[in-house]
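Below is one structure, written out as structure tokens; the observations come after it.
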Amino acid sequence: MKTLSVDPLTRVEGHGRVDLLLKKGQLVDARIHLLESPRFFEKLIVGRHYSEVPELICRICAICSSVHKLTALKALEKAFGLEIPPLAASVRDLLLLGGHIQSHALHLFCLVLPDFYEGLSVFELLQRQDHLAQAGLELKALGNDIQELAGGRVIHPVNPVPGGVVFRPDEEALINLLDRLNVWSERWPGLEESLLARAKFPHGAKCQGVCLATGGSQRFELSGDKLWHACQDEPLPVENYGKLIGEVPVEESHAKQAMGRSGPFLVGALARLRLAADRKLGLNWQDTEDNIHGNNIAQVFEIGWALKQTKGLILAILNAKDTSSLRLEQIQVKAGIGTAAMEAPRGLLIHHYVVDEWGNIAVGDVVTPTAINQRLMRQQIMADLSDITDARQLTLGAEKIIRSFDPCISCAVHVLHC
């Protein structure tokens with residue numbers, strides 16, 4: 001038995017390795033190792049007052065901090081039976097979209113784009129004044145600016161708090177941002193066309209996973225109270241996530257793995273859009289790439305959608321009355337259980353908390369998209385590469401497959417069985 005290792009995985013967030021096991025030159029197995037040091041977040045929050053949890057839990061990752069904080073807040077508010085003011089919900093949604101835009105821009109233009117140039121780094125592309133690389137960084141900066149305006153700072157936002165938000169974004173800054181978005185709305189279709197024209201995705205087998213996402217039943221959204229599942233006609237309440245996903249620790253990874261019998265699951269932009277198409281939400285999206293690299297194309301589509309949604313949210317905030325409430329005046333602390341689901345840029349994110357009568361955390365559970373996708377990564381590698389015998393093609397192919405999932409290994413390894 002011979003082992004080919006992709007070590008380390010490059011142009012992904014966090015540290016990982018792929019081992020390809022060959023017998024007489026044929027690929028017989030693949031093992032995905034998510035090796036970022038585990039940080040025990042689910043254990044750290046036990047015994048903490050609920051008000052500390054959103055501040056701690058968003059430290060899981062500096063890239064995904066906004067969506068982690070917002071999902072934690074939603075879960076805790078559900079535990080107390082709270083509904084935040086509409087204006088506060090709009091500000092939070094603006095923050096969520098900012099994170100979506102900056103993360104997709106980072107992945108597509110800094111991590112995936114170099115694959116179309118035989119592995120040149122994004123820095124080399126910038127030195128060549130490549131217009132797509134330059135535009136990608138500008139788009140990422142736009143997403144960061146949206147997060148800073150809505151969240152108070154780019155990383156680990158301070159504006160969202162239990163019961164709502166602290167402040168309303170500055171009106172002049174919102175108007176300036178709206179002007180920039182109008183420019184981007186005109187600019188994006190040309191960049192989208194140019195990016196897709198330049199894309200050189202390898203041929204691959206049919207995408208192997210069972211699509212799983214949250215969202216609304218009437219329109220495409222990044223949060224919801226149901227789990228839409230490609231193998232079921234009716235969505236599941238998010239509270240039933242545990243049995244469906246079935247996370248268990250595994251030896252080869254510092255992240256739990258989703259071992260539910262209905263899987264392996266695919267989460268992310270491709271899963272979101274396919275399930276939205278099944279619900280006939282009118283997105284006008286074309287599923288043109290029936291392999292895992294189609295996840296990148298789906299992210300391209302989502303950027304255009306997010307830019308449009310962001311403009312609408314800014315207008316809603318600007319048009320809200322000055323007397324509109326931003327935060328619940330009082331939070332009645334009580335024992336409760338709260339489970340919330342949101343769509344992080346790379347897929348379904350779930351936070352679950354059990355709170356005691358004093359407002360302290362008794363149980364915490366966080367399920368991240370990369371942990372869910374982990375099982376499918378192996379299956380997709382085997383499906384795509386089983387007929388290839390050239391060592392270089394195998395290692396490059398495996399890396400591109402993993403990269404197409406847009407993994408955030410830092411988020412995935414927050415817990416180790418202990």
Side-chain angles (χ1 to χ4, degrees), residues 13 39 41 44-45 48-78 82 84-106 139-174 176-178 180-181 221-223 306-307 309-310 313-314 316-318 320 324-328 331 338 340-346 349-351 353 364 366 368-369 408 410-411 414:
E13 295 160 21
R39 287 165 291 159
F41 274 90
L44 287 171
I45 61 174
R48 298 272 189 172
H49 193 258
Y50 80 90
S51 60
E52 297 179 82
V53 171
E55 303 302 326
L56 288 170
I57 210 73
C58 72
R59 266 68 183 178
I60 284 176
C61 180
I63 300 294
C64 316
S65 61
S66 293
V67 68
H68 273 291
K69 187 167 191 178
L70 293 175
T71 311
L73 284 167
K74 184 178 178 182
L76 292 166
E77 287 157 355
K78 287 178 72 174
L82 304 178
I84 66 172
L87 179 56
S90 294
V91 175
R92 287 188 184 184
D93 286 344
L94 183 61
L95 174 61
L96 186 63
L97 284 169
H100 218 71
I101 292 169
Q102 75 86 18
S103 181
H104 278 1
L106 170 65
L139 184 62
K140 184 181 185 303
L142 175 71
N144 283 337
D145 289 345
I146 295 169
Q147 289 186 97
E148 186 171 16
L149 182 58
R153 62 185 181 194
V154 175
I155 300 172
H156 311 318
V158 294
N159 193 23
V161 293
V165 296
V166 175
F167 62 85
R168 181 174 181 158
D170 178 73
E171 182 174 338
E172 183 178 350
L174 284 171
N176 290 336
L177 181 57
L178 189 60
R180 290 173 64 190
L181 283 162
E221 298 175 288
L222 297 179
S223 64
L307 290 170
Q309 293 298 118
T310 302
L313 278 172
I314 291 174
I317 295 169
L318 287 171
S324 298
S325 175
L326 288 170
R327 186 177 180 182
L328 299 176
I331 294 177
M342 287 190 175
E343 287 293 327
R346 53 203 41 82
L349 174 65
I350 297 172
H351 282 235
Y353 303 108
V366 177
T368 65
C408 185
S410 301
C411 282
H414 58 92

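Residues: numbered from 1 along the sequence shown. What you see below is based on every heavy atom in this structure, not just the backbone, and it leaves out hydrogens, waters and symmetry mates.
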Any side-chain heavy atom of [X] sitting closer than 4.5 Å to one from [Y]?
X    : Y    : result
L97  : I146 : no
R346 : T368 : no
V53  : H351 : no
P157 : Q147 : no
H156 : R59  : yes
L142 : L177 : yes
I57  : I45  : yes
N159 : L95  : no

[X] versus [Y], closest heavy-atom pair with distance:
X    : Y    : result
P54  : A72  : CA-CB, 4.3 Å
V158 : G152 : CG2-CA, 4.1 Å
P160 : R92  : CB-NE, 4.3 Å
A306 : I101 : CB-CG1, 3.7 Å
V166 : L326 : O-CD1, 4.0 Å
P169 : L174 : O-CD1, 3.7 Å

Output yes when a side-chain donor or acceptor of R168 lies under 3.5 Å from a complementary backbone atom of I317, and no otherwise. yes

Nearest-0.5 Å distance, [atom1] of residue [X] to [atom2] of residue [Y]:
X    : Y    : atom1 : atom2 : result
L181 : N176 : CG    : CG    : 11.0 Å
L222 : H100 : CG    : NE2   : 5.0 Å
T71  : I350 : OG1   : CD1   : 9.5 Å
H68  : L73  : NE2   : CG    : 13.0 Å
L70  : C64  : CG    : SG    : 12.0 Å
L318 : S90  : CG    : OG    : 11.0 Å

Just do the side-chain contact (heavy atoms from CB on, under 4.5 Å) check on L349 and V366 with the steps written out, would you? CA-CA 8 Å; L349 174 65; V366 177; 4.2 Å; yes

Take L106 and E13 through the side-chain contact (heavy atoms from CB on, under 4.5 Å) test and state the conclusion after the steps. CA-CA 10 Å; L106 170 65; E13 295 160 21; 3.5 Å; yes

Check against side-chain contact (heavy atoms from CB on, under 4.5 Å), E343 and L96: CA-CA 9 Å; E343 287 293 327; L96 186 63; over 6 Å; no

L328 and E77: CA distance, side-chain angles, deciding distance, side-chain contact (heavy atoms from CB on, under 4.5 Å) verdict: CA-CA 11 Å; L328 299 176; E77 287 157 355; over 6 Å; no

In terms of heavy-atom contacts, does CD of E52 have more than 12 from other residues, nucleotides or ligands at under 6.0 Å? yes

